[in-house]
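Take a look at the structure below.
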Amino acid sequence: MIASVIVDVASKQTNKAFDYLVPAPFIPTVKPGMRVIVPFGPRKVQGFVLAVKGDTDVDTSKLKAVEDLVDVKPALTGELLQLAEWLTNKALCLQVIALKSMLPAAMRASYNKRISLAEGVNEQDLSEELKTFFHKNGSVMWDEVKKKSETLLGAVQKEIKSGRLFVEPVVKSNETKKKTNVVQRVLSTAEANEHAEALEKKAPKQSEVLRFMEEEPIAVARLLEKTNVSSGTVKSLVSKGFLTQFEVEEYRDPYEGRDFGVSKALPLMDQQKTALEAITSTVKEDRHETFLVHGITGSGKTEVYLQAIDYALKKGREAIVLVPEISLTPQMVHRFKERFGSEVAVLHSALSKGEKYDEWRKIRDKEVTVAVGARSAIFAPFENLGMIIIDEEHESSYKQEEAPRYHARDVAIERGKTYGCPVILGSATPSMESFARAKKGVYNLITMDRRVNDVKLPHVDIVDMRDELKSGNRSMFSVKLLDAMKDRLEKQEQIVLFLNRRGYSTFVLCRDCGYVAECPHCDISLTYHRSNQTCQCHYCGYQVTKPNRCPECESDHIRFFGSGTQKVEEELKKVLPEAKVIRMDVDTTRRKGSHEKLLTAFEKGGGDILLGTQMIAKGLDFPNITLVGVLTADTMLHIPDFRASEKTFQLLTQVSGRAGRHKKPGEVVVQSYTPEHFSIQLVKEHDYLSFFNREMYFRKQGEYPPYFFVTLINVSATELTKVVSVTGKIADYLRSSLSETTIIHGPATSAIPRIKDRYRYQCMIKYKNEPRIIHVLQEILKTYQAEMSRTDLAINIDTNPYMLM
DNA sequence: AGCACGCCGACT
DNA sequence: GTCGGCGTGCTC
């Protein structure tokens, strides 16, 4: 038997299946989708079995055998293997990359080399520096040596040449399973009592344990906690043979010990009912259809999702729910856990690698029927999918910005087609692409424009910050916002302040000579961080201590302009000293669980003002928030991206939605320097449709999606001349091989011309109908393949870019 | 990707 | 005459 294997070597030249003999003992077990260890050239690598077959086209004398199986059950289902192939094509990526992206990080192999003493060689025979370096078993790992020093590595390499040491490649997967120590009584109850009595005097603690133990095994940790004895006590009982001790494997439960309660289906309003019926009818008929649920904030979309899922589950099928990374706050998880209890697996970035792996295994082992998670959860290995839901469909976090550059929405629809199940896209502010498709009838549009209990939409005020400046208010808070904040503090209601920028100030400028502090590795200005007195690059992480004098002209008129969250926090302390402020941005939420901790603190009344970036725009649903302030609405509007207006409108609408979601009416104050812009004005009217129509006009004018497809080719290298010439040649080739109606922009420098010392150029292709495009792009990659492996030239192609910089 | 093979320059 | 530079090609 022969296995067709994709090896874990990310290179164009190895981007094909290699055939291996399957040794007899593996024959009954090997299945497509399993991971195996195979010899590849001089080393060993992990690989994915694509197919198992009887014969091969390869010269059989060249065939090697599968070395080992990594999985007992296939890691990927047949459907996922097919999906990987589709993804490879769609995203123009290597097959292994597509395959690996479908698995949790813990299942991706890491490679190392073991260095051992050759036979008959003693540690003392080695050169001086290596004499004390080996472990007791006479070996040491390559990485350990490398970490220590380069010279040591050199010494090792010399000894390898001399034959006193030898190396062997090691493939390691990171699948650690959680194991718990348990003990079990080996005595009958009568015997146990007997021994307990005998021990009563001499060893009262042991006696106590014996009496406490039931028939079933118990975790040692739990036993110690319950009986308040020491581990020594348990140990002596084990050595006496009264208890046996062993390890059991279990799933790590990230939500262990938490009580989610139970929720029942809520009564639905008419609009919700209509939506639910439309969705369930497709489930009933096993029909694929994509729904776009355009529901304003508070219209009860989540309840519709929950009941739709319930319907699919009752039909014996499974469901995937995607939520944007950031809104995987406990609130969303709670709602699913309350409704579906232990049927839910949660996959999001705040979980540890091991926890994610365990949640994933629950899906593979069919122990759950619902997967709730961020982007990559779209690859949940279900085999009987009945529904896929993408909440906040417009969110850009559904687009992966590294290979494979896929959009979860496209993958969802692809899987929906294979399973004949509906895909539900939900949003209060759908993406232009989705809404346009819904209007064209490609998707089924469901509108939910009524709020549950008819809670009013918040009142939105737009403040022109230019007027504030004219009337002498130079602070970052308009009179209106400040008054509103004071009012809420008095009423003990909560405030959310939104600012799209972390750090302290946006740039550092010398007032005398105009010097601006820039990153030496990226063409971008540095951000001042007050907390540690540094200037940081938000692209590469470069840091320098803040200059006291201008490095150019020695002047001490160095000033910090623009404001980030840190600065706002400081200003708030000045103008509202009595307010308790909780700041939330990447800097305060870096540690695991801190996101949740800060939110809980705020919810419990531990703060009056929640100040934050992007991450507070979604998912917050606290009844006491009655004021939302947006400090600078236009920051997003001026980025060089055709989605700038769309992003601004979505974000402002999203943030506004945080206010007055319950009984108390909400108010929103939006500060702006360009308040006349339609994407800001229409937030005030809560008018998505007008926004859509206006924006569509501009998209048509600019020949952008959804009218045109866009593909972006990014070229980068450390040598500028090379980048320019390669990009130029690519543009020429595109112009000569694509149709007349296709528009090609570039070569042009990227919006950030240099990152981490690499120059960046790009070419943009805009087309309506270009059946050959994938082929043409593949040709480009093929042409530069050799040069890319030889030099540091990199060409990245994104067939649906969300980041144009 | 990694590693071997192979063909030209500065060294014991 | 050899050691070692990295260009080229292969891995079932």
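All values derive from a computational prediction rather than experimental measurement. A note on names: the letters A, B, ... follow the listed sequences, proteins ahead of strands, and every chain is numbered from 1.
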Can you tell me how far [atom2] of [N] sits from [atom1] of [X], to the nearest Å?
{"X": "A/Leu21", "N": "C/dC12", "atom1": "CG", "atom2": "P", "result": "12 Å"}
{"X": "A/Gln785", "N": "C/dC10", "atom1": "CD", "atom2": "P", "result": "13 Å"}
{"X": "A/Ile6", "N": "C/dC12", "atom1": "CD1", "atom2": "C1'", "result": "12 Å"}
{"X": "A/Asp59", "N": "C/dC12", "atom1": "CG", "atom2": "P", "result": "12 Å"}
{"X": "A/Lys16", "N": "C/dC10", "atom1": "NZ", "atom2": "C1'", "result": "9 Å"}
{"X": "A/Met788", "N": "B/dA1", "atom1": "CE", "atom2": "C1'", "result": "13 Å"}
{"X": "A/Glu67", "N": "C/dC12", "atom1": "CD", "atom2": "C1'", "result": "14 Å"}
{"X": "A/Ile37", "N": "C/dC12", "atom1": "CD1", "atom2": "P", "result": "15 Å"}

Query raised in the report: So does A/Glu779 have more than 12 non-hydrogen atoms from other groups sitting under 6.0 Å from CD?
Result: yes
Requested in this report: Please check if the distance between the ring centroids of A/Phe642 and A/Phe708 is under 6.0 Å.
Outcome: no
Query raised in the report: Counting any heavy atom closer than 4.0 Å, what does A/Phe40 reach on the DNA or RNA strands: base, sugar-phosphate only, or nothing?
Result: base
Query raised in the report: How are the rings of A/His521 and A/Tyr542 set to each other: parallel, tilted or perpendicular (split at 30° and 60°)?
Result: perpendicular
Report task. For the pair A/Phe18 and A/Phe40, name the ring-plane relationship: parallel under 30°, tilted 30 to 60°, perpendicular over 60°. Result ->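 The arrangement is perpendicular - the two ring planes meet at more than 60°.
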**Report entry** Close residues, residues 42-57 of chain A, relative to DNA chain B [heavy-atom separation under 4.0 Å]
**Finding:** A/Pro42, A/Arg43
**Report entry** Check: A/Arg405 side chain, A/Asn800 main-chain N or O, donor-acceptor pair, under 3.5 Å
**Finding:** no
Report task. Measure from NZ or CZ of A/Arg361 to the centre of the six-membered ring of A/Tyr251 and say whether it is under 6.0 Å with the direction within 45° of the ring axis. Result ->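 Verdict for A/Tyr251: no cation-pi partner in A/Arg361.
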Query raised in the report: Quick one: is A/Lys64 getting a side-chain N or O under 4.0 Å of the C/dT11 phosphate, OP1 or OP2?
Result: no
Query raised in the report: For residues A/Thr742 and A/Glu770, is any side-chain donor paired with an opposing acceptor at under 3.5 Å?
Result: yes
Report task. Give a yes-or-no answer on whether the side chains of A/Thr718 and A/Asp757 include a donor-acceptor pair shorter than 3.5 Å. Result ->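 On atom types as modelled, these side chains do not qualify, holding no pair under 3.5 Å.
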Query - Spacing of CZ belonging to A/Phe379 relative to CE belonging to A/Met102, to within rounding of 0.5 Å - result: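 Between A/Phe379 CZ and A/Met102 CE, I get 4.5 Å after rounding to 0.5 Å.
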Requested in this report: Please work out which residues in residues 92-103 of chain A have a non-hydrogen atom less than 4.0 Å from an atom of DNA chain C and list them by number.
Outcome: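 Result for residues 92-103 of chain A: none.
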Report summary line: With the side chain defined as heavy atoms from C-beta on, A/Arg790 is closest, among C/dC12, B/dA1, C/dT8, to C/dT8
